[in-house]
Amino acid sequence: MVKNQRKEPIIEKRKRSAPAEKSSQYKPRNVVVVNLPQYRKKKARDPRFDELAGEFNEGEYRSKYAFLDEMKDNEINQMYDAIKKEKNEAKKRILQSELTRMQQQRSSVRRRDRERRIRREVIQEELGKVQSGEKKPFYMKRGELKKLVREEEMNELRKKGKLGRVMNMKTKRNAEREVRRLPFRIRRDKKE
């Protein structure tokens, strides 16, 4: 047999019950076009971003759904118990990462609540002074608000007795940042 010679394709016998084959390259002639009525698609609306639902008031939301915080605290306590009982290290790590995520969420929510409360107190105090005629209106800047929040956090830590430890951690972190900003050669010399 010669290499370039083609083999004849094997033709199988067509069954009598098989449907008639048609080439896919020809356009079918008897196409029936049905005119269906056009319906407008319903758009799904997310009330979080929809103007019809009104403006979002975080303070009102926090007061209405305060029970969720209690539920999350209970969930965190259950996570602690689950981590203590878990023997598989991989599952334990997953649970631990989930626990830290939940704790960070809780602390950020508390921080926002504290900031909102301080802002509200300052505004009420300023309104009282303006109405009594003691001073002109004053609008607090974000930096001043952050200072007040920081002062209150420090006072809370001082009451709990954790202020020294927190300040040590902050100084260590700042020192590490400063070392990272230095060029590599100087950084290496400082370590030695």
Side-chain angles (χ1 to χ4, degrees), residues 41-132 134-181:
K41 287 185 178 179
K42 289 184 179 179
K43 279 189 174 179
R45 290 196 326 226
D46 191 344
R48 294 174 298 171
F49 309 111
D50 195 4
E51 292 177 4
L52 296 174
E55 286 190 27
F56 176 66
N57 185 349
E58 193 172 355
E60 192 175 319
Y61 171 82
R62 296 287 304 140
S63 63
K64 284 184 179 179
Y65 295 98
F67 66 92
L68 290 177
D69 293 335
E70 297 168 10
M71 289 173 68
K72 284 183 181 178
D73 289 341
N74 292 337
E75 203 172 327
I76 287 173
N77 292 335
Q78 290 173 357
M79 282 280 230
Y80 273 122
D81 297 338
I83 289 172
K84 285 179 184 176
K85 290 177 185 176
E86 188 62 52
K87 290 184 171 72
N88 187 351
E89 285 299 318
K91 287 182 181 178
K92 205 173 199 176
R93 264 188 262 118
I94 292 170
L95 286 173
Q96 187 65 43
S97 65
E98 184 69 20
L99 177 68
T100 54
R101 186 186 65 80
M102 290 172 74
Q103 287 173 333
Q104 287 172 350
Q105 268 185 344
R106 182 176 61 176
S107 65
S108 68
V109 165
R110 286 183 177 167
R111 194 177 309 116
R112 279 199 308 267
D113 286 346
R114 180 185 295 125
E115 190 175 309
R116 195 176 312 105
R117 181 178 46 79
I118 289 172
R119 181 184 288 131
R120 190 173 52 242
E121 288 172 0
V122 169
I123 288 172
Q124 286 175 352
E125 186 180 313
E126 290 295 320
L127 266 174
K129 289 180 181 177
V130 168
Q131 287 173 349
S132 65
E134 290 179 35
K135 63 184 287 187
K136 291 182 180 178
F138 165 74
Y139 301 100
M140 182 179 287
K141 296 174 187 163
R142 282 195 66 77
E144 294 168 355
L145 179 67
K146 282 183 180 179
K147 281 182 186 176
L148 289 174
V149 170
R150 212 175 297 125
E151 284 176 19
E152 186 165 315
E153 286 175 356
M154 292 300 168
N155 289 337
E156 284 183 19
L157 288 172
R158 196 173 289 123
K159 286 177 187 174
K160 291 179 183 177
K162 295 181 179 179
L163 183 64
R165 196 178 99 210
V166 170
M167 294 307 287
N168 286 340
M169 286 170 57
K170 275 192 176 183
T171 54
K172 270 187 185 178
R173 194 177 328 136
N174 290 339
E176 286 174 8
R177 263 191 216 140
E178 289 298 322
V179 167
R180 265 189 259 129
R181 287 185 186 148

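- Lys159 and Glu156 are not joined by a salt bridge, as no carboxylate oxygen comes within less than 4.0 angstrom of a charged side-chain nitrogen.
- Atom CG of Leu163 sits about 9.0 Å away from atom NZ of Lys170, to the nearest 0.5 Å.
- Residues Glu126 and Lys135 share a closest heavy-atom pair of OE1-NZ, 3.0 Å.
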Where do Lys136 and Val130 land on the side-chain contact (heavy atoms from CB on, under 4.5 Å) test, with the steps shown first?
-> CA-CA 6 Å; Lys136 291 182 180 178; Val130 168; over 6 Å; no
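- Around atom OH of Tyr139, no more than 12 heavy atoms belonging to other residues, nucleotides or ligands sit under 6.0 Å away.
- Residues Lys64 and Glu60 are paired through a salt bridge, judged by an N-O separation under 4.0 Å between the basic side chain and the carboxylate.
- Here the straight-line distance linking atom CD of Glu144 with atom CD1 of Ile118 works out to 13.0 Å at 0.5 Å rounding.
- Side-chain atoms of Met140 and Arg119, non-hydrogen and from C-beta on, never get closer than 4.5 Å to each other.
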Derivation and outcome, side-chain contact (heavy atoms from CB on, under 4.5 Å), residues Ile83 and Tyr80 = CA-CA 5 Å; Ile83 289 172; Tyr80 273 122; 5.6 Å; no
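- Shortest non-hydrogen contact noted between Ser107 and Gln104 is OG-O, 2.9 Å.
- From Gln131, atom CD reaches atom CG of Leu127 across 5.5 Å, with rounding to the nearest 0.5 Å.
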Lys72/Arg106 under side-chain contact (heavy atoms from CB on, under 4.5 Å): CA gap, chis, key distance, verdict | CA-CA 8 Å; Lys72 284 183 181 178; Arg106 182 176 61 176; over 6 Å; no
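- Contact check on Glu98 versus Arg101 returns a salt bridge, with a Lys/Arg side-chain nitrogen under 4.0 Å from an Asp/Glu carboxylate oxygen.
- There is a side-chain donor-acceptor pair under 3.5 Å between Asn155 and Arg158.
- Here CE of Met169 is found 11.0 Å from NZ of Lys162. Values are rounded to the nearest 0.5 Å.
- In this structure, Glu51 places its CD atom where only 12 or fewer heavy-atom neighbours from other residues, nucleotides or ligands lie under 6.0 Å away.
- The pair Arg117-Glu121 counts as a salt bridge, with a side-chain nitrogen and a carboxylate oxygen less than 4.0 angstrom apart.
- The pair Arg116-Asp113 meets the salt-bridge criterion, since a charged nitrogen lies less than 4.0 angstrom from a carboxylate oxygen.
- To the nearest 0.5 Å, the span separating CD on Glu152 from CG on Leu157 amounts to 11.0 Å.
- Going from atom NZ of Lys147 over to atom NZ of Lys141 covers 10.0 Å, rounded to the nearest 0.5 Å.
- Electrostatic pairing of Asp69 and Arg62 counts as a salt bridge here, judged by a charged N lying under 4.0 Å from a carboxylate O.
- Of all heavy-atom pairs spanning Thr100 and Ser97, the tightest one is OG1-O, 2.8 Å.
- Annotation for Gln105 and Ser108: closest pair O-OG, 2.8 Å, computed over non-hydrogen atoms.
- Note on Glu153 versus Arg114: salt bridge recorded, some NZ/NE/NH1/NH2 to OD/OE distance being below 4.0 Å.
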Stepwise, does the side-chain contact (heavy atoms from CB on, under 4.5 Å) test hold for Glu115 with Lys146?
-> CA-CA 8 Å; Glu115 190 175 309; Lys146 282 183 180 179; 5.5 Å; no
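- The local environment of CZ in Phe67 is crowded, with over 12 non-hydrogen atoms from other residues, nucleotides or ligands closer than 6.0 Å.
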